[in-house]
Peer 1: 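Next up is a structure, given as structure tokens.
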Amino acid sequence: MEEQTISLQEIFAIIRKRLGLILFITLFTATISGIVSFFLITPKYQLSTQILVNRSQVEQNFSTNEVQTNIQLINTYSVIIMSPRILDIVAEELQGEVTTEGGELTANHLKGKISVNSHEDSQVLNITVEDTDPHQAALIANKVADVFQREVPSIMNVDNVSILSEAVVREEIAPVSPKPLLNIAVALVVGLMLGIGLTFLLEYLDNTLKSEQEIENYLEIPVLGVITSFKP
């Protein structure tokens, strides 16, 4: 049995035959994505506070080894910030100022909103808070930095924590999620792929003969005549 192949021309013919279906699926997925992104997903905002942490006061004759040691301790500082020792105090001091869906503000609520990261090879920590309310995000970020600055000397030999920049809500602040245009673009691509995939699936499942050429190819004999269908 000879292996059947499909030419590029036949591929375009199949797509053209069900172009309406492909366009419908593509536009449908894009429309659904737009509705969900603009109306159903609550926007979230991110604000950050930057702090500089030294293990001890920097003197004029400080060594590079001391700086390297401080850099290596950055991961430890990040864990301390996310620990209940810090977040419990933050939650207690923010009671009544920050609203949550679960009622009382707890360290677990805060932990889900906060992330801590550092600039590469630096002693600067970014405390980033994501919240549906940008003012709450700024309030939490600044409070975490403040509590860490107060409490860390009693936890480790750290006596020099400086807040480089506080989180500030600006007028032009934009949400970090959702991103409607990106979501719609992805939906267009996905819808187009689904439409084309469904088109070829339907074509594969359709085993009817629709033209003289298909009859000749299937029976491998020439067509001698065609009976036209007409209404009496």
Side-chain angles (χ1 to χ4, degrees), residues 26-53 74-120 122-152 161-194:
T26 302
L27 294 177
F28 178 76
T29 55
T31 302
I32 294 299
S33 176
I35 292 173
V36 171
S37 298
F38 281 108
F39 302 106
L40 300 182
I41 300 179
T42 303
K44 290 186 177 182
Y45 301 85
Q46 274 188 358
L47 285 101
S48 300
T49 298
Q50 281 189 334
I51 60 175
L52 173 65
V53 185
I74 287 296
N75 289 335
T76 302
Y77 301 145
S78 301
V79 174
I80 292 174
I81 291 174
M82 298 295 290
S83 69
R85 171 69 181 272
I86 301 297
L87 296 185
D88 282 341
I89 299 175
V90 174
E92 182 180 353
E93 295 185 3
L94 289 180
Q95 287 297 338
E97 298 184 57
V98 174
T99 58
T100 60
E101 295 180 357
E104 185 179 356
L105 182 65
T106 64
N108 286 333
H109 286 131
L110 293 173
K111 198 169 185 179
K113 299 174 182 288
I114 300 170
S115 62
V116 182
N117 56 77
S118 62
H119 292 279
E120 186 176 357
S122 75
Q123 298 169 247
V124 177
L125 282 173
N126 283 334
I127 302 174
T128 303
V129 178
E130 184 174 298
D131 196 274
T132 56
D133 185 341
H135 297 281
Q136 284 194 168
L139 183 63
I140 294 172
N142 292 332
K143 179 60 71 173
V144 170
D146 178 62
V147 172
F148 176 73
Q149 187 180 37
R150 294 193 332 247
E151 297 295 324
V152 75
V161 177
S162 304
I163 298 178
L164 299 180
S165 64
E166 293 185 342
V168 178
V169 180
R170 306 185 186 279
E171 293 183 0
E172 66 276 10
I173 187 171
V176 294
S177 68
K179 297 181 178 179
L181 295 181
L182 177 60
N183 293 344
I184 291 174
V186 172
L188 283 172
V189 175
V190 173
L192 182 62
M193 294 175 62
L194 287 175

Peer 1: Drop me the distance from His109's NE2 to Leu94's CG, to the nearest 0.5 angstrom.
Peer 2: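 Going from the NE2 atom of His109 to the CG atom of Leu94 covers 13.5 Å.
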Peer 1: Does Leu52 offer a backbone N or O that forms a donor-acceptor pair with the side chain of Gln123 under 3.5 Å?
Peer 2: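 No.
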Peer 1: Under 3.5 Å, is there a donor-acceptor pair between the side chain of Asn126 and the main chain of Asn117?
Peer 2: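 Here the side-chain-to-backbone pair does not exist.
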Peer 1: To check you understand the geometry: which heavy-atom pair defines the closest contact between Asp131 and Gln136, and what is its length?
Peer 2: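 Closest heavy-atom pair between Asp131 and Gln136: OD1-NE2, 3.3 Å.
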Peer 1: Enumerate, atom names and distances included, each donor-acceptor pair closer than 3.5 Å involving a side-chain atom of residues 28-47, sequence neighbours excluded.
Peer 2:
| unit_1 | atom_1 | unit_2 | atom_2 | d |
| --- | --- | --- | --- | --- |
| Thr29 | OG1 | Ile25 | O | 3.1 |
| Thr29 | OG1 | Thr26 | O | 2.9 |
| Thr29 | OG1 | Ala187 | O | 3.1 |
| Thr31 | OG1 | Leu27 | O | 2.7 |
| Ser33 | OG | Asn183 | O | 3.1 |
| Ser37 | OG | Ser33 | O | 2.8 |
| Ser37 | OG | Asn183 | ND2 | 3.0 |
| Gln46 | NE2 | Glu130 | OE1 | 3.1 |

Peer 1: Is the backbone of Asn142 close enough, under 3.5 Å, to the side chain of Asp146 for a donor and an acceptor to pair up by distance?
Peer 2: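 Here the side-chain-to-backbone pair does not exist.
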Peer 1: Donor-acceptor pairs under 3.5 Å, side chain of residues 85-93 to any protein atom, not counting sequence neighbours: which ones?
Peer 2:
| unit_1 | atom_1 | unit_2 | atom_2 | d |
| --- | --- | --- | --- | --- |
| Arg85 | NH2 | Ser154 | OG | 3.2 |
| Glu93 | OE1 | Lys143 | NZ | 3.2 |
| Glu93 | OE2 | Arg150 | NH2 | 2.7 |

Peer 1: To the nearest 0.5 Å, what is the distance between NZ on Lys111 and NZ on Lys113?
Peer 2: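 Lys111 NZ to Lys113 NZ: 15.5 Å, rounded to 0.5 Å.
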Peer 1: For residues Ser78 and Val116, report the shortest heavy-atom separation together with the two atoms involved.
Peer 2: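 For Ser78 and Val116, the tightest heavy-atom pair comes out as OG-CG1, 3.5 Å.
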Peer 1: Taking only residues two or more places apart in sequence or in another chain, which ones pass side-chain contact (heavy atoms from CB on, under 4.5 Å) with Ile163?
Peer 2: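 Scan of Ile163 (side-chain contact (heavy atoms from CB on, under 4.5 Å), adjacent residues dropped) gives Thr49, Ile51, Ala145, Gln149, Glu166.
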Peer 1: Closer than 3.5 angstrom, by distance alone: can the side chain of Asp133 be matched with the main-chain N or O of His135 as a donor-acceptor pair?
Peer 2: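 Pair found, side chain donor or acceptor close to backbone of His135.
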Peer 1: Looking at CD1 of Ile127 and CD1 of Ile114, how far apart are the two atoms once the value is rounded to the nearest 0.5 Å?
Peer 2: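 Rounded to the nearest 0.5 Å, the CD1-CD1 separation comes to 8.0 Å.
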